[in-house]
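Worksheet: the structure to be examined is printed underneath.
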Amino acid sequence: MRIDVVTIFPGYLAPLREALLGRAIGSGLLDVAVHDLRDWTHDVHQAVDDSPYGGGPGMVMRPQVWGDALDAVLAADERPARLVVPTPAGRPFTQADAHAYAAEERLVFACGRYEGIDQRVVDHYADALPVDEISIGDYVLVGGEVAVLVVVEAVARLLPGVLGNPRSAAEDSFSDGLLEGPSYTRPEVWRDRPVPDVLRSGNHGAIARWRRDRALERTVARRPDLLAALPPDALDKKDRAL
Ligand SMILES: COc1cc(COC(=O)c2cn[nH]c2)cc(-c2cccnc2)c1
């Protein structure tokens, strides 16, 4: 998979080259190119923003600069691409989106700053390729770069060969629509707190039941919205008895 990121702060994307993702890039599983939006400005001030039509606070990113940058980046590789624009006004990014993106040949991320990017940029490219305006959460960041780090990590860990243990991606939180329950490791007792006996019983049926019950309890307590979104047959009689 090829990933391109266009940003006025390329340095913000340096963490992509660390650790797990760094190894994925090194092993050729992932190809990441970061581009400085200012490379496509032509004025001495390298202006990427301007005042908003209709007035209002802040600045808006100029369409010409984004158009020149995205035309050049898209033309650099013939693989079909999906353009992803992180924004507070986007559709919520979910684990299902991470799986869908992991199947893409190429992702191009546009990092907005200021109050955002002139809407005509998204409208223009949506005529030529899939364009997703996505949100990683209901809060406002200063720029899209941090959101790109989040999305790229969520996607890259799903790529075959990136995670040491592929099973863990399959048993992710959300993989069965529920939150993951609690996990424990040695020592058996830590600051007078023991590991739940069932986990040391060797009774795999009881352990699976206990884990499912804890996942259901946690989902009910923290994310009732996920329960409501489950398909009707997702919960069996024992689940409902909980
Ligand atoms: C592309 O347009 C953007 C992008 C961003 C950065 O992304 C996020 O903040 C985000 C992404 N998921 N959740 C939050 C921020 C603004 C923005 C800033 C100030 C006022 N209004 C809008 C605009």
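Numbering starts at 1 and runs along the sequence shown. As a basis for the values below, the full set of heavy atoms in this structure was taken, side chains included, without hydrogen atoms, waters or symmetry mates. Whatever order the structure lists them in is the order used to number ligands and atoms, beginning at 1.
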For this session: Give the atoms of ligand 1, by number and element, whose distance to some non-hydrogen atom of V140 is under 4.0 Å.
Result: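 Numbered from 1, ligand 1 contributes 9 (O), 18 (C), 19 (C), 20 (C).
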For this session: Could you tell me which atoms of ligand 1, counted from 1 in the order shown, lie closer than 4.0 angstrom to a heavy atom of G144?
Result: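 Close to G144: 6 (C).
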Problem set entry | Over 12 non-hydrogen atoms of neighbours within 6.0 angstrom of CG in D233 |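 Count over threshold, so yes.
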For this session: Count the heavy atoms of every other residue, nucleotide or ligand shown that sit under 6.0 Å from CD of E153, and state whether that count exceeds 12.
Result: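 No.
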Could you find the nearest protein heavy atom to [atom] and give me its residue, atom name and distance?
atom	value
atom 1 (C) of ligand 1	P86 O, 3.5 Å
atom 13 (N) of ligand 1	G137 O, 3.0 Å
atom 18 (C) of ligand 1	Y114 O, 3.1 Å
atom 2 (O) of ligand 1	G116 CA, 3.3 Å
atom 10 (C) of ligand 1	P88 N, 3.6 Å
atom 20 (C) of ligand 1	E115 OE1, 3.4 Å
atom 14 (C) of ligand 1	Y139 O, 3.0 Å

For this session: Indicate yes or no: does R211 engage D213 in a salt bridge with an N to O separation below 4.0 Å.
Result: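 Between D213 and R211 there is no salt bridge, as every charged N stays at least 4.0 Å from the carboxylate O atoms.
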Exercise. Looking at R38 and D36, does any basic side-chain N land under 4.0 Å from a carboxylate oxygen?
Worked result: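 Salt bridge between R38 and D36, a charged N being under 4.0 Å from a carboxylate O: no.
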Which side-chain N or O atoms in residues 218-229 pair as donor and acceptor under 3.5 Å with protein atoms at least two apart or in another chain?
{"from": "R218", "atom 1": "NH1", "to": "E180", "atom 2": "O", "distance (Å)": "2.8"}
{"from": "R218", "atom 1": "NH1", "to": "G181", "atom 2": "O", "distance (Å)": "3.4"}
{"from": "T219", "atom 1": "OG1", "to": "L179", "atom 2": "N", "distance (Å)": "3.0"}
{"from": "T219", "atom 1": "OG1", "to": "A215", "atom 2": "O", "distance (Å)": "2.7"}
{"from": "R223", "atom 1": "NE", "to": "D225", "atom 2": "OD1", "distance (Å)": "2.9"}
{"from": "R223", "atom 1": "NE", "to": "D225", "atom 2": "OD2", "distance (Å)": "3.3"}
{"from": "R223", "atom 1": "NH2", "to": "D225", "atom 2": "OD2", "distance (Å)": "2.8"}

Exercise. Does a donor on one side chain and an acceptor on the other come within less than 3.5 Å for T87 and E133?
Worked result: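 No, E133 and T87 have no side-chain donor paired with an acceptor closer than 3.5 Å.
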Would you check whether [X] has a nitrogen or oxygen atom less than 3.5 angstrom from a nitrogen or oxygen atom of ligand 1?
X	value
I136	yes
L141	yes
V85	no

Which pairs of donor and acceptor atoms, one on a side chain in residues 59-70, lie under 3.5 Å apart (sequence neighbours left out)?
{"from": "R62", "atom 1": "NH1", "to": "A47", "atom 2": "O", "distance (Å)": "2.9"}
{"from": "D68", "atom 1": "OD2", "to": "H42", "atom 2": "NE2", "distance (Å)": "3.4"}

Problem set entry | Within 45° cone and under 6.0 Å: R113 NZ/CZ vs Y12 ring |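 The answer is yes, since R113 meets both limits relative to Y12.
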